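Okay, structure first, notes after.
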Amino acid sequence: MRVTTGSTMRNTIDQLGISLERLQNSQRRLATGKAQERMSDDPRAASDVLFLRGRIQRTEQLDRTNADTRSRLAVADTSLVSASDALVRANELAVRAGNSGSLDTDSRVAIANEVAFLRTELLASANTSYLGRPLFSGTAGGSPYDDAGVYNGNGTVETRTVAEGVRVAANITGEQVFGDQAAPQGDLFAVLERMSLAIATGDTTALDAERGNLDDARVRLGTAMAEVGRRVSQLEEVSADAAIRKERLTEQLSLIEDVDLAETLIQVNAFDNSYQAALSAAAKAMPPSLAQYLR
Amino acid sequence: MAISGIFTALSGMNAQRRVIDTAANNIANQLTPGYRRQVVDLVPVSVGTGPSVHTRGTGGVALGVDAIDTRRVLDAASEARARQSTASAVDAATTYESMIQVEDVFGEPGEAGISERLDAFWTSWSDLSDRADDTVARNEVLARAESVADRFRQANDDLTAIETDTARQFGSIVERSNSLATQIAQLNRSIASDSGSPNALLDQRDTLASELSSLIGADIRDSDRGQITISLGGRLLVGNGTSFELAANPTGLEWAGDGQTVTSGPSELAALSRLVNTTIPDMRGELDTVVNDFVTEVNDLHTAGYGLDGTDGRNFFDPAGTTAATIAVSTDVEGEPDFVAAGAPELPGPVAPGIFDGRQAQLLGDLATDGVSTVGYRAMVAEFGIDTNAAGRTATASQQIASTAIDEADSVSGVNLDEELTTMMAAQRGFEASARILSIVDEMLQTMINMTR
């Protein structure tokens with residue numbers, strides 16, 4: 001093909017342009033640290049970036065839920081421990097009062113008062129709240145138990161997702177812990193009230209009946225405590241796993257979206273060198289012509 | 001016979017001088033855009049013409065050289081190929097640039113994109129579900145919703161801005177194209193009326209015709225007496241000495257005479273026309289589908305949920321605002337954090353749940369993965385990214401093809417410095433030789449004249 005001055009010039013300019021564009025692109029990647037400026041730079045990778053970002057946000061949010069749930073259950077656990085101690089004491093008092101043959105009226109009244117006092121403490125535990133929200137009211141607002149010991153909460157158990165695919169009951173209702181108030185034997189506060197009365201009046205039959213109810217209540221409370229403890233452990237394990245998973249996702253994202261600094265630096269240098277070489281070749285390629293050799 | 005020798009030598013000198021002039025012209029114009037190199041056609045002079053009219057019957061001796069024409073060297077087929085592939089390359093490059101512009105409307109995968117805001121919106125619902133009574137969390141949901149709606153509306157506005165800008169570009173294209181058509185018609189008339197080879201005019205006209213071809217995708221055909229006709233979508237744009245006007249409208253070009261839409265071959269006009277008539281409307285349609293899905297799936301869950309006041313049935317987004325231009329937070333909840341429905345219905349009933357119930361909010365938060373809109377949006381931008389990437393590769397390939405075609409045409413009609421200098425050298429020697437012959441013949445005549453003294 002015949003080579004003309006015009007085509008030589010045009011091709012030289014084109015080649016220099018291509019070389020310079022490559023250099024500029026790698027410099028941009030170095031400056032921003034991002035491998036994809038737009039979706040079209042690498043559609044599949046950019047698509048993965050969007051997906052991974054969403055997954056990471058979700059993982060972080062689920063972990064927040066996990067932390068909140070863990071805290072609430074931990075505080076609930078503490079309340080239940082106090083409640084349990086109170087019930088142990090109540091049982092001791094009931095046993096002492098049972099041997100009422102050796103007790104006089106004043107002693108009986110004193111024990112009855114202490115039982116009443118324990119009932120008040122228990123009500124306070126039942127009404128514990130964490131960050132402004134009661135622990136044992138289900139999802140209802142306000143205190144779960146009023147002064148008369150009547151349950152005003154509801155029976156809703158909130159199931160929360162605390163990690164991908166892991167759902168946990170986030171609360172335990174007052175009725176699950178302190179007894180369903182539909183049946184008078186199950187209502188712990190009513191039991192204690194009646195027990196106090198029975199001790200004061202020396203009604204041993206009633207006292208025995210209420211002691212039986214108290215034992216049932218202690219078992220129920222014990223079961224609730226074990227359950228809460230189990231959930232807290234589970235949440236801790238799940239949180240540890242989630243942290244690892246989040247790290248992996250972040251790593252994956254970084255691999256796709258961040259440039260490899262070392263590689264890009266080398267590229268910038270290489271492209272710069274090739275640009276210099278192209279410039280020097282261009283200078284030589286604009287050929288000497290016959291004009292130089294004619295006198 | 002000797003006298004005719006003078007004229008023979010003279011014709012030689014004239015011809016060689018013409019060759020030198022032409023070579024000099026070629027060298028001077030070697031980088032002029034659109035210049036095709038010129039050569040002088042030399043033919044031996046036949047008996048009975050020119051200055052040898054007095055010497056019939058000289059026994060077949062040639063009587064000199066005639067430079068009958070200085071013509072352009074070009075290959076019409078290569079020129080046509082170069083023109084067409086350049087127009088295709090311009091079309092592909094413009095298409096790629098336009099698609100980048102549309103892609104940038106969404107700003108993905110950067111942090112200013114819609115995807116980030118959608119993620120944040122869903123997250124705010126999930127966070128609300130853990131503390132359904134918290135006003136701060138409720139206000140956060142409303143704020144993130146405004147942010148998403150805002151971003152959708154902004155995307156729509158940006159698309160409109162591209163359309164407006166393209167409409168403006170049609171205006172400048174039509175101005176330039178009308179100007180080119182008029183000039184070409186004028187040049188056609190000048191060329192037709194010139195009996196020789198008006199090379200400069202031809203070069204100028206061919207350059208303008210090439211520009212017109214890349215600009216609006218016109219077809220160029222040779223006509224009589226060196227003229228060209230230009231047609232656009234089958235209709236005549238320039239017919240020898242007459243040209244027809246075009247006008248611009250927001251979606252492309254039309255014939256000024258009857259308002260019929262211009263159909264053009266691959267060109268800048270065709271690419272911009274596709275942008276405004278196909279690419280952007282399609283994009284907007286897909287975006288509106290995403291918005292519709294988004295508004296619907298949020299509202300479906302929200303109307304079933306309960307606010308802090310125990311009322312259900314509230315919309316979260318305005319149900320009438322199902323396009324990117326019209327999406328808005330509903331007046332049912334705007335400015336009223338307590339009305340945001342976080343609670344799920346208590347069954348049986350259904351009745352309002354407790355104030356700490358955040359199960360409906362959790363369902364809304366789960367739309368990040370369970371819902372259609374976010375997944376649909378990501379698929380939309382990914383697909384467009386793939387298309388844009390492909391357009392970029394087409395643009396590069398077209399450019400290379402055009403480059404090659406231009407080089408081919410140029411190899412016929414481009415100036416090679418060494419060739420011209422060599423030609424000049426040879427012509428110079430020829431000139432010297434003819435001049436020498438002139439001297440010799442002059443001496444001979446001198447001798448003849450002195451003989452009779």
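Numbered from 1 within each chain, the chains take letters A, B, ... in sequence-line order. This one's a predicted model, so the numbers in the text were calculated from it and none came from an experiment.
In terms of non-hydrogen atom pairs under 4.5 Å with chain A, the most contact-rich of B:Asp418, B:Leu118, B:Ile27 is B:Asp418. Ranked by non-hydrogen atom pairs under 4.5 Å with chain A, the options B:Thr123, B:Val415, B:Thr388 are led by B:Val415. Here B:Glu419 is the residue among B:Glu383, B:Met99, B:Arg131, B:Glu419 with the most heavy-atom pairs under 4.5 Å with chain A. Ranking A:Thr65, A:Asn154, A:Asn171 against chain B, the residue ahead of the rest is A:Thr65, based on heavy-atom pairs under 4.5 Å. Put simply, of A:Val3, A:Leu50, A:Ile18, the one with the most heavy-atom pairs under 4.5 Å next to chain B is A:Leu50. Of the residues considered (B:Ile355, B:Asn416, B:Leu417, B:Asp410), B:Asp410 shows the highest number of contacts with chain A, using heavy-atom pairs under 4.5 Å. In terms of heavy-atom pairs under 4.5 angstrom with chain B, the leader among A:Met1, A:Arg53, A:Gln57, A:Arg133 is A:Arg133. The candidate with the highest count of non-hydrogen atom pairs below 4.5 Å against chain A, out of B:Ser126, B:Ala379, B:Ser115, is B:Ser126. Comparing B:Asp407, B:Thr422, B:Val375 by how many heavy-atom pairs each has under 4.5 Å with chain A, the most go to B:Asp407. Note on A:Arg58, A:Glu158, A:Gln36, A:Met9: by heavy-atom pairs under 4.5 Å with chain B, the leading option is A:Arg58.
With hydrogens and angles ignored, the 3.5 Å screen pairs no side-chain donor or acceptor of B:Gln399 with any backbone N or O of B:Ala93.
For A:Asp41, the part lying under 4.5 angstrom from a heavy atom of chain B is the backbone only. Residue contact with chain A, scored on non-hydrogen atoms closer than 4.5 Å, involves the side chain of B:Glu103 exclusively. The contact between A:Arg160 and chain B is made entirely by side chain atoms (from C-beta outward), counting heavy-atom distances below 4.5 Å. Contact of A:Arg10 with chain B is made through the side chain alone, with heavy-atom distances under 4.5 Å. At a 4.5 Å heavy-atom cutoff, the contact between A:Glu37 and chain B is made by backbone atoms alone.
Side-chain contact of B:Gln362 with B:Asp366: a donor-acceptor pair under 3.5 Å is present, judged by distance alone. Looking at A:Arg167 and A:Thr161, their side chains do bring a donor and an acceptor atom within 3.5 Å of each other.
Classification of the A:Tyr145-A:Tyr151 ring pair by plane angle, with boundaries at 30° and 60°, yields tilted.
Around the CZ atom of A:Arg44, the shell of radius 6.0 Å holds no more than 12 heavy atoms that belong to other residues, nucleotides or ligands.
At a threshold of 4.5 Å between non-hydrogen side-chain atoms, the residues B:Glu420 and B:Gln30 do not count as touching. By the 4.5 Å heavy-atom criterion applied to side chains, A:Ser79 and A:Phe136 are counted as neighbours.
Rounding to the nearest 0.5 Å gives a distance of 6.5 Å between CG of A:Asp68 and OH of A:Tyr130.
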Practice task
Check the pair A:Arg38, B:Asp104 against salt bridge (charged side-chain N to carboxylate O under 4.0 Å, His left out), reporting the backbone distance first and the verdict last.
Solution key: CA-CA 7 Å; A:Arg38 319 187 150 86; B:Asp104 283 350; 2.9 Å; yes
Exercise for the section: Applying salt bridge (charged side-chain N to carboxylate O under 4.0 Å, His left out), run through A:Glu227 and A:Arg231 and close with a yes or a no. Expected result: CA-CA 6 Å; A:Glu227 172 62 18; A:Arg231 287 188 209 160; 2.9 Å; yes
